[in-house]
Amino acid sequence: MSEVTTTPAQPSFTAKDLVTDQDVRWCPGCGDYSILKQAQTVIPELGIPRENIVFISGIGCSSRFPYYMETYGMHSIHGRAAAFASGLKATRPELSVWMISGDGDSLSIGGNHFIHLLRRNFNINLLLFNNEIYGLTKGQYSPTSEEGKVTKSTPFGSIDHPFNPAALALGADGTFIARSMDRDPVHLKDILRRANAHQGTSFVEIYQNCNVFNDGAFEIFTDKETKKLETLFVENGKPLVFGANNDKGVKLDGFKPVIVNLAEGHSANDLWIHDETDRVKAGILSRFFDNPKKGGDHFPRPFGVFYTEQRACYEDGLNAQIAAALAQKGEGDLDKLLKGRDVWEIH
Amino acid sequence: MEHTTDTLERVIIKFAGDSGDGMQLTGTQFTNTAALFGNDISTFPDFPAEIRAPQGTLAGVSGYQLHFGSTNIYSPGDKCDVLVVMNAAALKANLRQLKPGGTIIANTEGFDSKNLRLANIAETDHPLENGSLDKFRVIKIDVTKMTRAALTDSGLGVKEIDRSKNMFVLGFLYWMYNRSLDNSIRFLEEKFSKKPDILNANIKILKAGYSYGDTTETIMTRYVVNPAKMIPGVYRNMMGNQATALGLIAAAKKSGLQLFFGTYPITPASDILHELAKYKNFGVRTFQAEDEIAAIASVIGASFGGALGVTASSGPGIALKGEAMGLAVMLELPVVIINVQRGGPSTGLPTKTEQSDLMQALYGRNGEAPMPVIAASSPADCFETVFEATRLAIEFMTPVLFLSDGYIANGAEPWRFPKSADLKEINVKFATEKNGEKYLPYKRDEKLSRPWAIPGTKGLEHRIGGIEKQHETGNISYDSENHEFMVHMRENKVEGIANHIPLQTIDTGTEKGKLLILGWGSTYGAIKTAVLEARAAGYDVSHAHVRYLKPFPKNLGEVLYNFEHVLIPEMNNGQLVKVIRDKYMIPAIAYNKIQGLPFNAGEIREKIESILGK
Ligand code: SF4
């Protein structure tokens with residue numbers, strides 16, 4: 001395994017050292033500011049030398065991120081950051097590679113690279129800022145926008161069915177699937193630490209408010225009034241509880257999840273205990289994807305680590321093949337290679 | 001049986017049959033044997049587009065042309081002396097390629113009523129019997145019958161038995177041209193080491209074909225083609241894609257960089273991947289990406305990390321890579337992009353050759369995105385040219401486009417391979433120190449090349465991207481004057497490469513004269529042959545071949561101005577000719593062939609005669 005995981009007693013740099021001399025150009029109030037801040041806070045704690053950190057982004061508002069991080073960075077092309085990051089990681093496995101992307105970048109134009117990154121399982125941290133809108137191009141609907149969404153490009157409402165990013169990542173055999181949000185710094189920092197510790201592609205979907213083109217898209221999950229009822233923070237080994245006084249829970253009736261009221265005689269012992277390594281249950285959890293704005297009976301939206309699994313990383317497999325070839329054949333001799341097997345001499 | 005022997009200077013054989021008949025293998029075997037014997041050679045395979053086209057049809061005909069001789073050979077040749085046809089379709093598809101008086105070796109079983117029908121020939125028009133081949137010498141052999149007879153006791157099924165019939169033909173040709181069977185027997189022993197039944201059957205049939213020549217009176221004359229007088233040295237046979245792969249490995253060794261090859265399968269470039277994937281013990285990392293865009297993106301990512309990033313494709317794939325190539329121009333990172341050209345546009349003619357992507361290479365990106373372009377002229381030349389592409393990419397921190405094509409990719413010729421010690425050094429200097437108060441990623445050296453600071457280097461953390469950047473700092477800049485300045489800067493950097501490449505030379509002929517033929521890429525052999533012949537016949541014609549298409553060698557204008565006429569033959573609808581007319585304001589004459597097939601020397605010779613008069 002290639003990730004640098006040792007934590008020195010004293011971080012060699014601080015959050016301030018991660019601030020670049022560039023003016024941050026996101027709109028005032030944009031959720032990106034919080035994500036940047038949490039990343040700058042967490043990274044010094046990770047024990048990785050600053051020069052070994054690389055941020056690679058695609059195109060979009062979120063993809064300006066590398067310019068604001070005093071590490072190595074590349075602002076690449078729309079949708080392709082996963083492929084740039086893969087090539088870098090394939091040749092420099094010792095680097096800590098972070099990919100910054102958005103819902104348009106990774107799920108629309110870059111959908112192909114997104115699924116292939118997950119199945120190959122390069123040891124990369126993929127932070128997907130989901131604001132359910134195209135911000136940089138000024139407000140068209142995105143592949144995560146809800147059905148019926150009215151935007152500049154859908155004046156009569158979107159007829160596209162949206163992607164469910166967590167379910168998509170699970171379907172692509174992702175080995176670490178988590179969700180967090182810009183407005184919950186403590187949770188977000190925690191998930192970033194977990195993502196970094198995971199060996200493999202760590203997919204973190206971050207709900208991010210675009211206050212200019214899609215303000216309040218996630219308000220129901222972040223607002224004090226509604227948050228308790230509409231969100232479900234999952235933790236490994238703990239029962240699935242939510243509600244104003246943690247008085248609601250989720251129980252599994254076979255494979256069917258049911259919401260129960262703890263006040264009505266259900267004990268926490270009957271509830272679904274979150275097991276991050278259970279793929280089937282993670283699948284069910286990822287399908288807690290009702291649109292709360294529609295009202296009616298619905299499941300709360302889960303946050304936390306849905307699923308994690310240990311599977312060999314692509315770069316480790318590649319290195320192993322090279323090591324095996326070197327052990328078997330010794331280092332390649334260029335003159336022998338140029339000569340080949342069948343030669344003839346002309347005098 | 002007593003046979004007489006004739007000595008020939010050069011022979012062209014075309015092997016043709018159904019794609020299941022093993023004609024590629026037969027051709028390669030004869031080629032290797034001829035090469036080991038010391039003949040100069042040049043070959044050209046021509047495959048059907050479909051992997052398994054319907055058997056016996058014209059669409060399924062697979063061919064392999066071999067030109068070998070005791071003199072220097074520069075191309076697979078024009079019309080053939082000997083045409084081997086395994087069925088009626090093969091004859092129909094190739095007959096016009098046979099010289100008058102040439103020899104046809106026909107497998108008669110391939111001319112039964114079924115095969116005639118599949119080739120759309122009326123039974124009443126049986127070509128072996130209706131006298132239409134009277135101006136040729138026709139040798140009819142029932143190869144299938146004799147193969148089956150020889151293997152009745154082999155225990156093999158009919159299908160397996162029939163599969164070895166190509167060995168009969170090979171054995172017969174070895175007899176005809178006085179060649180030893182040893183090399184092919186050695187090859188079969190390796191190929192079928194785990195299948196002794198098949199091995200024995202193949203060797204038996206190979207020998208049967210040889211004896212057939214010896215014991216029958218089919219032909220009374222055998223031929224000798226003596227070894228060629230080539231530059232002394234040690235040679236091997238080399239195909240274009242293979243040479244490209246070796247050139248990349250050599251460049252990685254010489255530069256001390258890790259080779260990262262990210263690609264997506266496409267005809268006719270995939271063999272470069274197949275070849276490179278074998279050499280893990282040279283530290284070669286191959287990556288079969290999910291698509292063409294991911295392929296080049298992965299390569300740019302690897303290059304950012306300090307590897308030698310290379311991608312390869314053909315026209316349609318290069319079109320997909322366009323945006324990322326523009327990014328590489330902006331990032332000023334060394335990347336080699338290989339285009340093994342094929343017939344276009346769109347899917348076009350995947351298995352046929354063409355030179356129609358020159359304009360795409362020079363101009364096929366959004367914005368002002370200059371990139372050096374260089375082209376190989378023959379299969380073995382791919383080695384040196386791709387090595388040079390790599391050197392330019394690294395020394396000038398730029399993506400470089402290397403052009404090959406289907407003709408040289410699959411063609412082969414003898415190669416006097418170099419010693420690794422004789423290859424040029426490629427100097428890589430990773431930045432380790434700040435070059436200002438802060439690190440300035442776009443501060444340039446005297447070649448206008450920027451420093452390469454790779455992740456892991458303390459203190460040189462920096463960000464690069466596709467947005468226009470400020471001079472020196474590399475910071476995002478939307479300043480209009482800075483943009484114009486940077487556009488000129490990138491152009492000047494690429495144009496400045498002209499100061500670091502060899503001057504244009506005349507390949508054949510004189511420095512002044514009536515007619516210059518200016519070629520590029522795989523037309524080299526045909527032009528050279530035609531010019532040698534025409535000069536011998538008294539024509540004032542010379543040949544120059546450009547390897548560097550962007551930038552051109554500094555003296556190219558002077559070279560051109562020294563001739564009354566400049567003729568530019570291209571396997572496209574006229575691309576280099578437009579660039580030359582534009583840049584040097586001369587009325588260069590276009591000569592184009594767009595048939596998915598290479599020029600032959602005869603066509604160029606005729607053009608010379610039509611310009612200079614008979
Ligand atoms: S447009 Fe939206 S996402 Fe983009 S910077 Fe402004 S607020 Fe943030």
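Labels below follow one simple rule: chain letters A, B, ... track the order of the sequence lines, proteins then strands, and each chain is numbered from 1. Keep in mind that what you see is a predicted model, and the values were worked out from it rather than measured.
Looking at Phe13(A), there are no atoms closer than 4.5 Å to chain B (heavy atoms on both sides), in backbone or side chain. Residue Lys254(B) does not touch chain A at all, counting heavy-atom pairs closer than 4.5 Å. For a residue to count as touching a neighbouring chain, one of its non-hydrogen atoms must lie under 4.5 Å from one of that chain's; by this rule Val54(A) touches chain B with the side chain only. With a 4.5 angstrom heavy-atom cutoff, Ile454(B) touches chain A via backbone and side-chain atoms both. Interface residue Pro418(B): backbone and side-chain heavy atoms are both found under 4.5 Å from chain A. Contact of Ala85(A) with chain B is not made at all, since no heavy-atom distance falls under 4.5 Å. Both the backbone and the side chain of Ala250(B) have a heavy atom closer than 4.5 Å to some heavy atom of chain A.
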Legend entry - Candidate pair Asn281(B) and Gln328(A), rule side-chain hydrogen bond (donor to acceptor under 3.5 Å, both in side chains), full reasoning: CA-CA 8 Å; Asn281(B) 66 322; Gln328(A) 200 199 338; over 6 Å; no
Inset, instruction - Please assess Arg416(B) against Glu345(A) for the test salt bridge (Lys or Arg N to Asp or Glu O under 4.0 Å), listing each intermediate value before the final yes or no. - result: CA-CA 9 Å; Arg416(B) 198 160 54 90; Glu345(A) 191 163 359; over 6 Å; no
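In summary, Glu290(B) and Arg119(A) do not engage in a salt bridge, as defined by a charged side-chain N under 4.0 Å from a carboxylate O. A salt bridge does not link Glu315(A) to Arg285(B): none of the charged side-chain nitrogens sits closer than 4.0 Å to a carboxylate oxygen.
For the pair Arg463(B)/Met74(A), no side-chain contact is recorded, criterion being any heavy-atom separation below 4.5 Å from C-beta on. Counting heavy atoms from C-beta on, the side chains of Leu423(B) and Leu334(A) come closer than 4.5 Å. Under the 4.5 Å side-chain criterion, counting only non-hydrogen atoms from C-beta, Thr91(A) is not in contact with Phe304(B). Looking at heavy atoms from C-beta onward, Ile467(B) lies in side-chain contact with Arg64(A) at the 4.5 angstrom threshold.
Interface summary for chain A: among Leu36(B), Asn237(B), Leu246(B), the most heavy-atom pairs under 4.5 angstrom belong to Leu36(B).
Side-chain polar atoms of Asp342(A) and Asn32(B) form no donor-acceptor pair below 3.5 angstrom.
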